[in-house]
Amino acid sequence: MTTVSLTVNGRAVTAAIDPRTLLVQFLRENLRLTGTHVGCDTSQCGACVVHLDGKAVKSCTTLAVAVDGSSVTTIEGLASGDALHPMQEAFREHHGLQCGFCTPGMIMSAVDMVNRRGHHLDEKTIREDLDGNICRCTGYHNIVKAIAAGAEAMGRAGAPLRQAAE
Ligand code: FES
Ligand code: FES
């Protein structure tokens with residue numbers, strides 16, 4: 001066992017874990033933050049995306065001990081109390097989901113996309129940038145619309161490009 005200390009959604013956490021523990025396992029099993037999903041074992045689907053020190057990473061290919069001391073934001077850390085993050089609200093408004101399994105990873109990747117590429121995103125940019133996230137339900141059309149709208153809404157809301165927890 002080894003000790004890992006992280007800040008997760010603004011909260012300091014320390015735990016003794018098996019050194020082989022993946023970040024996604026740590027989040028889901030140790031912290032019970034089950035919004036971060038596992039959809040593959042090939043690092044392709046993006047259901048596991050979280051923000052690590054403000055940047056999107058696939059938590060299924062990240063060892064928890066390797067990021068000791070870092071700040072992690074999960075989908076549970078995006079909303080402010082009862083108020084959804086603008087990107088969450090855009091997915092709701094534009095029906096950017098069906099079963100919802102891919103949605104936490106999609107939203108975390110979308111917020112990262114805005115952080116990197118700004119608030120005005122065209123369809124081509126969104127589709128290219130989203131190539132690490134797979135949805136088996138929607139055909140992507142509404143996801144693309146939701147991300148474009150969410151990016152604009154983040155700009156209007158003055159949403160911080162980096163979350164406070166990061
Ligand atoms: S579970 Fe991480 S990419 Fe699929
Ligand atoms: S909404 Fe079902 S996998 Fe994307």
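Ligands are counted one by one from 1 in listed order, and the atoms in each one are counted from 1 as well.
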For the backbone of Ser5 and the side chain of Asp68, can you confirm whether one donor and one acceptor N or O come within less than 3.5 Å of each other? yes
Looking only at protein heavy atoms, what sits closest to atom 1 (S) of ligand 2 is Gln98 N, 3.2 Å
Apply side-chain contact (heavy atoms from CB on, under 4.5 Å) to Glu76 and Val8, showing your working. CA-CA 10 Å; Glu76 291 91 344; Val8 179; over 6 Å; no
At their closest point, which heavy atom of Gly69 faces which heavy atom of Leu6, and how far apart are they? N-CD2, 4.0 Å
Going by the rule salt bridge (charged side-chain N to carboxylate O under 4.0 Å, His left out), which residues pair with Arg92 if we only count those two or more places apart in sequence or in a different chain? Glu89
Protein-derived N, O or S atoms lying under 2.8 Å from atom 4 (Fe) of ligand 1, waters excluded: 2
Answer yes or no for Cys102: is there an N/O/S atom below the 2.8 Å cut-off from atom 4 (Fe) of ligand 2? yes
Minimum-distance pair of heavy atoms, taken over all atoms of Phe101 and Val38: CZ-O, 3.3 Å
So the atoms of ligand 2 within less than 4.0 Å of a heavy atom of Gly100 turn out to be 1 (S), 2 (Fe)
For atom 3 (S) of ligand 2, what is the nearest protein heavy atom, given as residue, atom name and distance? Arg136 N, 3.4 Å
Near atom 4 (Fe) of ligand 2, is there an N/O/S atom from Cys137 that is less than 2.8 Å away? no
Can a donor-acceptor pair be found, under 3.5 Å and without considering hydrogens, that links the side chain of Ser70 to the backbone of Asp53? no
Salt bridge (charged side-chain N to carboxylate O under 4.0 Å, His left out) partners of Asp18, counting only residues at least two apart: Arg20
Donor-acceptor contacts under 3.5 Å from residues 23-34 side chains, at least two apart:
residue	atom	partner	partner atom	Å
Gln25	OE1	Leu22	N	2.8
Arg28	NH1	Thr34	O	3.0
Arg28	NH1	Thr36	O	2.9

